Amino acid sequence: IIQSRGWEIYPQGLYDFGMDCAKNYPDLEWFVSENGIGIMDEYKNRDAEGTIQDDYRVDFVRQHLEWVAKAIDEGAKCRGYHYWAVIDNWSWANAFKNRYGFVEVDLMDGYKRRLKKSAAWLKQVGIVPVIEKVIVQQGPAQQRSTVDRNASTAQALGKGQARPRY
């Protein structure tokens with residue numbers, strides 16, 4: 001369980017939900033309608049070239065997608081995943097205080113839009129035909145493995161027969 005601004009972040013919850021649906025409602029198709037991470041003062045993560053370095057967003061989305069993929073592989077009928085939001089947006093609750101997007105809206109520079117680091121990662125998720133993830137073994141050793149998911153997993157992640165890398 002990860003915390004952000006006091007909010008619990010529990011990516012495995014998507015898997016838990018999917019497995020509950022598969023067990024108790026086997027014909028139920030579902031999708032994740034809103035999932036995202038809002039970061040306050042995100043401009044502080046800007047590098048020398050002006051790009052916001054939001055590795056935390058990549059980690060957040062990657063972890064959630066991995067759990068969704070696992071649930072699908074084990075029989076859940078998840079049919080899609082909608083990230084909130086592609087671009088930094090205004091909300092009724094906190095205006096522009098929290099930034100959610102892969103695309104920055106710079107309020108101090110004429111509302112210019114700039115791609116964040118996570119936007120480049122998201123592009124790769126959509127075009128690379130393999131899912132790659134790091135498996136952490138006991139102790140300090142790590143190994144990389146390439147996992148070829150079935151077509152239903154790839155379809156649920158939004159790319160038809162192509163399989164994303166994340």
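Predicted model only: the values in this text are computed from it and were never measured. As a basis for the values below, the full set of heavy atoms in this structure was taken, side chains included, without hydrogen atoms, waters or symmetry mates.
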Item to check | Check: Ile9 and Phe60 side chains under 4.5 Å, non-hydrogen atoms | outcome: yes
Checklist entry - Backbone N or O of Ser118 within a donor-acceptor pair of the Asp54 side chain at under 3.5 Å? => result yes
Checklist outcome for this item: When every non-hydrogen atom of Gly36 is compared with those of Tyr100, the smallest separation belongs to C-CD2, 4.3 Å
Next on the checklist: Quick one, Arg114 and Asp106 - any side-chain contact, counting heavy atoms below 4.5 Å?
Outcome noted: yes
Item to check | side chain to side chain contact (heavy atoms under 4.5 Å, CB included) partners of Trp92, counting only residues at least two apart | outcome: Trp90
Next on the checklist: For Tyr83 versus Val61, what's the shortest heavy-atom pair and its separation?
Outcome noted: CE1-CG2, 3.5 Å
Checklist entry - Listed by chain and number, what are the side chain to side chain contact (heavy atoms under 4.5 Å, CB included) partners of Leu115, not counting sequence neighbours? => result Val103, Ala119
Checklist entry - Does any donor atom in the side chain of Asp47 or Gln53 lie under 3.5 Å from an acceptor atom in the other side chain? => result yes
Item to check | Intermediate values then yes/no, side chain to side chain contact (heavy atoms under 4.5 Å, CB included), Ile39 and Tyr56 | outcome: CA-CA 9 Å; Ile39 303 296; Tyr56 43 83; 3.4 Å; yes
Item to check | Qualifying residues under side chain to side chain donor-acceptor pair (under 3.5 Å), relative to Lys117, sequence neighbours excluded | outcome: Asp55
Counting only pairs under 3.5 Å, give me each side-chain donor-acceptor contact of residues 15-28, with atom names and distances, residues two or more places apart or in other chains.
residue: Tyr15; atom: OH; partner: Glu74; partner atom: OE1; Å: 2.6
residue: Asp16; atom: OD1; partner: Gln12; partner atom: NE2; Å: 3.3
residue: Asp16; atom: OD2; partner: Tyr10; partner atom: OH; Å: 3.2
residue: Asp20; atom: OD1; partner: Asn24; partner atom: ND2; Å: 2.6
residue: Asn24; atom: ND2; partner: Asp20; partner atom: O; Å: 3.3

Checklist outcome for this item: Interatomic distance, CG@Leu107 vs CG@Asp88, rounded to 0.5 Å, equals 8.0 Å
Next on the checklist: Using a 3.5 Å distance criterion without hydrogens, assess whether the side chain of Arg99 forms a donor-acceptor pair with backbone atoms of Val105.
Outcome noted: yes
Item to check | Atom pair CH2/CG of Trp121 and Asp59 - distance to nearest 0.5 Å | outcome: 9.0 Å
Next on the checklist: Can you tell me how far apart NZ (Lys70) and CG (Leu65) are? Round to the nearest 0.5 Å.
Outcome noted: 15.0 Å
Checklist entry - Would you say the side chain of Thr51 lies within less than 4.5 Å of the side chain of Arg46, judging by non-hydrogen atoms? => result no
Checklist outcome for this item: Applying salt bridge (charged side-chain N to carboxylate O under 4.0 Å, His left out) to Lys112 and not counting sequence neighbours gives Asp109
Checklist entry - For residues 29-45, which residue pairs qualify under salt bridge (charged side-chain N to carboxylate O under 4.0 Å, His left out), counting only residues two or more places apart or in two chains? => result Glu29-Arg79, Asp41-Lys44, Glu42-Arg57, Glu42-Lys116
Checklist entry - Would you say the side chain of Asn89 lies within less than 4.5 Å of the side chain of Trp84, judging by non-hydrogen atoms? => result yes
